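Numbers for residues simply follow the sequence, beginning at 1. Remember, predicted model here, so these are calculated numbers, not experimental data. Every heavy atom of this structure was used, including side-chain atoms; hydrogens, water molecules and symmetry mates were not.
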Amino acid sequence: MAKCAAMTVAIAAAWVYPLTVRMPPPYDGRVAQDIEAERLELLPGAARGAPAPANLTGPYAVNSRLQKAHRVFVGEVDGSESVAVAPSGELIMLDKYGVMHRARPSAAAPGGFELLRDAAPVYIGPGRPLGFHVVEGGEALLVCDSLKGLLRVGITDGRIEVLANRVTATGDPLNYANDLDVAADGTVYFTSSTAGAVGLNAAGFYDTMRSYLFNMLAGDATGRLLSWNPATREVVQLLDGIAYANGVAVSADGSFVAVVETNLCRVRRYWLRGPKKGTYDILVDKLPGVPDGITRSASGGFWVTLPIAVTPLINFLGPRRMLRQIVSHFIVQVLPYVTRAWGCVVRLDAEGKPLENLMDSTGEVVSTVSAVTETPDGRLFLGNLGGTGVSWISP
């Protein structure tokens, strides 16, 4: 009996040990690190972090407003994290495989839009396009690509130009460009989520969700906010040490740029002018979901997307480095069992005060919303993190 028990322990140890010395690809060159005490206190469910489970009252109260959304291009456009709207009213989407899709308004089409099928599709190459904006009067997109960096993509000719993939002063690579916004003077503010990489998965696309999960479990805080000057073509690092830098939005008056810090469920505010220029504070924190995108609203504030609700699991795993290390090998498989489907976008005023939310608490119609584009007529176009098709709604 003792020999059998010893053999069982030896077999278990031999199986577990490889899990403790490296994370799965593309993080297999590293192990989980300890998280400093100050950041642990800011994790969801911790003393200074977002309540977990979420406190869904007041402006965060549960509702079904997103269930009135129109879903379009289901089964045809997969994983377009953003939806750009051209001056002509045409929709532009980039799916998770790097293919551009365009659609025009059509009263006869289901959902009010039909895909353009009369031109060869534009493929922007390996990598996962994430945030993108229409520029040059509808002639081009500026794109954050998780593999290639900051791109300009011609909408009609498909020409691709890499504008930036390194920090000018240091030469540090931009491994994971995520989102961008363009200021009135043409400066592009954008994020690099982490120094970690994004890997190609078995399904044939660059899996940013998997890399995000590994980033969280690694205890990583190497996200950056950067700027690109179109005149000098220089990239300047404005902030670093961000726990997964994500969405970006320049304020309506141009005084600051907001940047989402996903792992801490908050949005930083980096000041571009005034007495606080070059410093940051917190625009909003303790959000009831894990935030992704942020965009300006027509009213002068912001829309923030929350693809998943907060969970106490993040706080539980935070101080347990070795447990995070081992869980990294199973997190992709277990995630559906520890999170619930929902769709949620929150509207903030210009000072970051939460005003209201649009929600599908069941996730049956809209879920994993990753970006909002608001048009002058008040419609909201919603990209999504993991689903098929995109959505739009008139609130």
Set of residues satisfying side-chain hydrogen bond (donor to acceptor under 3.5 Å, both in side chains) with respect to S297, sequence neighbours excluded: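 side-chain hydrogen bond (donor to acceptor under 3.5 Å, both in side chains) check on S297 returns S299.
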Can you give me the closest heavy-atom contact between A54 and P288, atom names plus distance?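 In terms of heavy atoms, the two residues are closest at CB-O, 3.4 Å.
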Do Y280 and Y270 have ring centres separated by under 6.0 Å?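 No, the ring centres sit 6.0 Å or more apart.
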Results of side-chain contact (heavy atoms from CB on, under 4.5 Å) for S370 - residues two or more places apart only: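 Checked S370 against side-chain contact (heavy atoms from CB on, under 4.5 Å); matches are E81, D292, L385.
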Could you tell me which residues satisfy side-chain hydrogen bond (donor to acceptor under 3.5 Å, both in side chains) with T262, sequence neighbours excluded, listed by chain and number?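 Applying side-chain hydrogen bond (donor to acceptor under 3.5 Å, both in side chains) to T262 gives N246.
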In the single-linkage hydrophobic clustering (I, L, V, M, F, W, Y; side-chain heavy atoms under 4.5 Å), do M359 and V284 co-cluster? yes
Backbone of L174 reached by a side-chain donor or acceptor of S192 within 3.5 Å: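 Looks like no, no N/O pair under 3.5 Å.
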Cluster check Y97, V77: I/L/V/M/F/W/Y, side chain < 4.5 angstrom: no
F316 vs L323, side chain to side chain contact (heavy atoms under 4.5 Å, CB included): CA-CA, chis, key distance, verdict: CA-CA 10 Å; F316 175 77; L323 183 57; 3.7 Å; yes
With sequence neighbours left out, which residue pairs that include part of residues 19-29 fulfil the side-chain hydrogen bond (donor to acceptor under 3.5 Å, both in side chains) condition? none
Counting distance only, does the side-chain N/O of W228 pair as donor-acceptor with the main-chain N or O of F190 below 3.5 Å? no
Per the ring pair (Phe, Tyr, Trp, His ring centres under 6.0 Å) rule, what does the pair list look like for residues 133-171, sequence neighbours excluded?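 For residues 133-171: none.
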Kindly state each residue pair satisfying side-chain hydrogen bond (donor to acceptor under 3.5 Å, both in side chains) with at least one member in residues 42-63, sequence neighbours excluded. E41-R48, N55-T57, N63-N357
All pairs passing side-chain hydrogen bond (donor to acceptor under 3.5 Å, both in side chains) where residues 317-333 contributes a residue, at least two apart: none
List the atom of P26, the atom of G199, and the distance in Å for their closest heavy-atom pair. CG-N, 3.5 Å
Considering only residues two or more places apart or on different chains, which pairs with a residue in residues 115-130 satisfy side-chain hydrogen bond (donor to acceptor under 3.5 Å, both in side chains)?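 Non-adjacent pairs meeting side-chain hydrogen bond (donor to acceptor under 3.5 Å, both in side chains): E76-R117.
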P59: partners by side-chain contact (heavy atoms from CB on, under 4.5 Å), with sequence neighbours left out: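 With sequence neighbours excluded, P59 shows a side-chain contact (heavy atoms from CB on, under 4.5 Å) to P354, given in chain and number order.
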Sequence-distant partners of S193, side-chain contact (heavy atoms from CB on, under 4.5 Å), two or more places apart: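 Only Y176, N178, Y244 meet the side-chain contact (heavy atoms from CB on, under 4.5 Å) criterion with S193.
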Kindly write out the residues that satisfy side-chain contact (heavy atoms from CB on, under 4.5 Å) with A341, not counting sequence neighbours, or none if the list is empty.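 side-chain contact (heavy atoms from CB on, under 4.5 Å) check on A341 returns nothing, list empty.
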Anything under 3.5 Å between a donor and an acceptor, one on a side chain of residues 158-165, the other on a protein residue two or more places apart or in another chain? List them.
from	atom 1	to	atom 2	distance (Å)
E161	OE2	R233	NH2	2.8

Test side-chain contact (heavy atoms from CB on, under 4.5 Å) applied to L382 and V390, V83, V366, the passing residue: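 Of the listed options, the one satisfying the test is V366.
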